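See structure below.
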Amino acid sequence: MFKKNYRQDNGVAYLLLAPIVILLTIFVVIPFFYSLKVSFYNWSFYQPSVFVGFDNFKFVLEDDLFLNSVWVGIKFTLMVVPASMVVSFLFANVIKGMRRGSASFVKTSIYIPTIISGIVASVIFVFIYDYMGGLANYVLGWFGSEPRAWLADVKTALPSIAVPAIWLGFGLTTLIMLAGLHDIPESYYEAADLEGAGPWQKMLYITVPLMKNIVLYLTVTGFTGAISQYELSLVMTGGGPLDTTTTPNLYILNHFRNDVMVGNSIAASLLLFVVLGSISAIIFKVLNSEKAIDG
Amino acid sequence: MQAKLTFQKSVLTAIAAVFTLLALFPLAWVMIAGFKEKTEVLSTPFRFFPKQWLVTNYMDILKDAAFQKAMLTTFGGAILFAVLSILVNASAAYVFARLEFRFKAIMWLYVIITMFIPGMAILLTSFIVVNKLHMLDTFAVLVLPGVASAGAMFFIRQFYLNIPLALEEAALIDGAGKIRIFTSVFLPMSYPVFVIIGIGSYLGYWNSFVWPTMTITNPDLYQIMQYLATFRSERSTEMGMLMAGSTLSALPTIVLFLIFQKYIISGIKISGLK
């Protein structure tokens, strides 16, 4: 890549790297090692800390509430990711078939929810789910159904939070899919036309296989994103009813705020870190290896 | 055949219209609810449009000194945050893309590894660190901790790797130094990638809620999402005002997005996915 006698630029390099390295050290690396340390201590703001070894990890892994939160996170992910993938895939295909002008209008419109914050989305959807005057019960009324307490019912609370999550994310997912669709050479479809393939066959044998990488990428990032979601439940339900919307990150956050036993929740967050960190490391590896060619 | 094609086209357009409406509906509803009287926001039976269009909610929230302050400090903070994050991450991206120096591999690993540390794992210990640095209730605690981002740096670097070496050579022959090449060749070409990183950072700052809630207790420094969440819990009967406030809080972002949307949508293509 570079010749052996290539002049080195140590001075300039370190000067330009100093800001990122210093900031990352203070605000990411030191807190991370600090977290590692705290996870082995019975640590609190008010008492001297005691070394307890792996007790915190053991406690968390045996804590039903934590295990429940992981289960909630998985259920939530299973509601959000497949739904937004299917909807985005179909919609991306629809946009691809549209004329340029209207396509760009649609693209802009569906991206707008993506830039809205989780807090504003929560405010909006709390009102949509309102028992008396909410839109959800109004629509249900058309079909003659009784109103439901969407966010207070154990059965409907989690799906009700999944809806705004899909709403927030589907614009970006659709646009990424659309970018992928545009990269499929038109000649493949023309060849299939000559062979007399119908629209479904084209989708099944050309579009789907060629979109595999993008779908994989979106699935994995969607999974990590959905399982780390906590703002929606924090604002909309506070994790209730009966912890049915307490996602893992909300469990951790609630423990930070309410407990004196900080070590436990830090241990929990480190356990999640191992899982999520490895997943993102894999995505990164895949992406980086393809890109490394022009590096 | 022709008739069948036009039929297909109109079906597609109809589907697209429905989806677009569904995507925009919640926002349109909040915006319009801001024009309703507070008792009408959740009135039964459900009505989309107000009986009477009132601007009082929008006027009242705009006159609210705390809202003004939250909007202004959040906007200022978000812009500063975006500019700093572009500067810090672009310099590092340039170094990793183009310079050779001792310990490059180790430095790269050190920076990149931070990408895999989730915010939640360091939330509390970061709080302890900023507390020890006496940064609580300052502007710095909102801006500085998130500025350096290995993800943003990596994204800019991918862009820099694709800038042809030939462009630098002319400058090298003229005797320009590395910093000069960075500022006069790379920075001017970086506009599209900076728009993406800038908007991303701006959004991250504007929409952040948990970190400001933990580190800011002085109401003068309240950030907009913190303000809205507090408003919702403390003045829950003022629903019209809450709707107006939510709408206005989203407005600067939507305007920015509309200005730069061309770059954002094309940015999805250079985000390493192809």
Side-chain angles (χ1 to χ4, degrees), chain A residues 2 6 8-10 12-13 16-17 19-20 23-24 27-32 34-35 38 91 94 97-98 106-110 112-113 115-117 119-120 123-124 127 130 132-133 135 138 175-176 179 183 214 217 231 235 249 252 256 262 266 269-270 273 276-277 280-281 287 291 294-295, chain B residues 12-13 15-16 19-20 23-24 26-27 30 42-46 88-89 91-92 94-95 99-102 107 111 114 116-118 120-122 124-126 129 144-145 147-148 153 158 161-162 178-179 203 207 209 225 228-229 232 242 246 249-250 253-254 257 261 265 268-269 272-274:
Chain A
F2 287 97
Y6 192 87
Q8 296 214 325
D9 308 286
N10 290 328
V12 178
L16 290 178
L17 277 184
I20 201 173
L23 287 169
L24 285 175
F27 297 115
V28 182
V29 178
I30 291 176
F32 179 66
Y34 199 7
S35 282
V38 170
F91 196 39
V94 171
M98 289 169 68
V106 171
K107 279 194 275 188
T108 309
S109 312
I110 58 165
I112 286 179
I115 58 182
I116 299 302
S117 81
I119 303 299
V120 171
V123 169
I124 301 175
F127 285 108
D130 189 84
M132 290 302 290
L135 174 70
Y138 175 69
L175 292 182
I176 292 177
D183 277 346
I214 287 188
Y217 170 84
E231 275 185 338
V235 179
N249 271 350
I252 294 165
F256 278 162
V262 169
I266 289 196
S269 57
L270 287 174
F273 153 70
L276 297 181
S280 23
L287 283 179
K291 269 286 176 179
D294 46 30
Chain B
L12 286 183
T13 315
I15 298 175
F19 268 93
T20 314
L24 291 180
L27 286 173
V30 191
L42 287 179
S43 68
T44 37
F46 181 86
V88 167
N89 296 312
S91 325
Y94 168 69
V95 171
L99 300 186
E100 279 300 296
F101 54 100
R102 224 171 334 148
M107 296 289 251
V111 170
T114 60
F116 308 118
I117 301 176
M120 199 48 87
I122 57 168
L124 192 79
T125 42
S126 299
V129 166
L144 286 183
V147 160
M153 187 283 289
Q158 296 305 101
L161 287 177
N162 290 325
K178 295 290 174 183
I179 291 194
L203 271 181
N207 291 343
F209 167 65
M225 291 306 145
L228 282 180
R232 187 174 97 84
L242 179 59
S246 304
S249 81
T253 315
I254 293 178
F257 167 74
Q261 51 118 344
I265 288 172
I268 287 166
K269 284 183 201 139
L273 277 163
K274 296 219 168 164

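Just so we're on the same page: letters track the sequence lines, and every chain starts at 1. What you see is a predicted model, and the numbers here were worked out from it, not measured in a lab.
In terms of heavy-atom pairs under 4.5 Å with chain A, the best-connected choice from V111(B), I15(B), N89(B) is V111(B). Interface remark: of the candidates V38(A), T108(A), I112(A), T108(A) forms the most heavy-atom pairs closer than 4.5 Å to chain B. Contact tally against chain A (heavy-atom pairs below 4.5 Å) for A92(B), A121(B), A250(B): the top residue is A121(B). Top candidate by heavy-atom pairs under 4.5 Å with chain A, chosen from M225(B), Q261(B), M153(B), M107(B), is M225(B). Residue with the most contacts toward chain A among A148(B), S91(B), P145(B): P145(B) (heavy-atom pairs, distance under 4.5 Å). In terms of non-hydrogen atom pairs under 4.5 Å with chain B, the most contact-rich of I110(A), N249(A), L270(A) is N249(A). Among L203(B), L228(B), V147(B), the residue making the largest number of heavy-atom pairs under 4.5 Å with chain A is L203(B). With respect to chain B, the highest number of heavy-atom pairs below 4.5 Å among V29(A), I30(A), V106(A) belongs to V29(A). The candidate from L24(A), V12(A), I252(A), V120(A) with the greatest count of non-hydrogen atom pairs under 4.5 Å with chain B is L24(A). Heavy-atom pairs under 4.5 Å with chain A were tallied for A229(B), S246(B), A16(B); the largest tally goes to A16(B).
Only the side chain of S249(B) comes within less than 4.5 Å of a heavy atom in chain A; its backbone stays farther off. Residue contact with chain A, scored on non-hydrogen atoms closer than 4.5 Å, involves the backbone and the side chain of I117(B) alike. Looking at F91(A), the atoms closer than 4.5 Å to chain B (heavy atoms on both sides) all sit in the side chain, from C-beta outward. Within the 4.5 angstrom heavy-atom criterion, only side-chain atoms of D130(A), from C-beta onward, approach chain B. Heavy-atom distances place both the backbone and the side chain of R102(B) under 4.5 Å from chain A. For I254(B), the parts sitting under 4.5 Å from any heavy atom of chain A are the backbone and the side chain alike.
Nearest heavy-atom pair, F209(B) versus E231(A), reported as atom, atom and distance to 0.1 Å: CB-OE2, 3.6 Å. Between I115(A) and N207(B), the closest heavy-atom pair is O-ND2, 3.4 Å. S109(A) and L24(B) get closest at one heavy-atom pair: O-CD2, 3.6 Å.
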Does the side-chain contact (heavy atoms from CB on, under 4.5 Å) test come out yes or no for F19(B) and V94(A), once each step is laid out? CA-CA 10 Å; F19(B) 268 93; V94(A) 171; over 6 Å; no
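For the atom pair S35(A) OG and L124(B) CG, the distance stands at 7.5 Å (nearest 0.5 Å). A distance of 11.0 Å separates CG in L23(A) from OG1 in T114(B), rounded to the nearest 0.5 Å. Between atom CG of residue L16(A) and atom NZ of residue K178(B) there is a gap of 11.5 Å, rounded to the nearest 0.5 Å.
In this structure the side chain of F101(B) never reaches within 4.5 angstrom of the side chain of D9(A), judged on heavy atoms.
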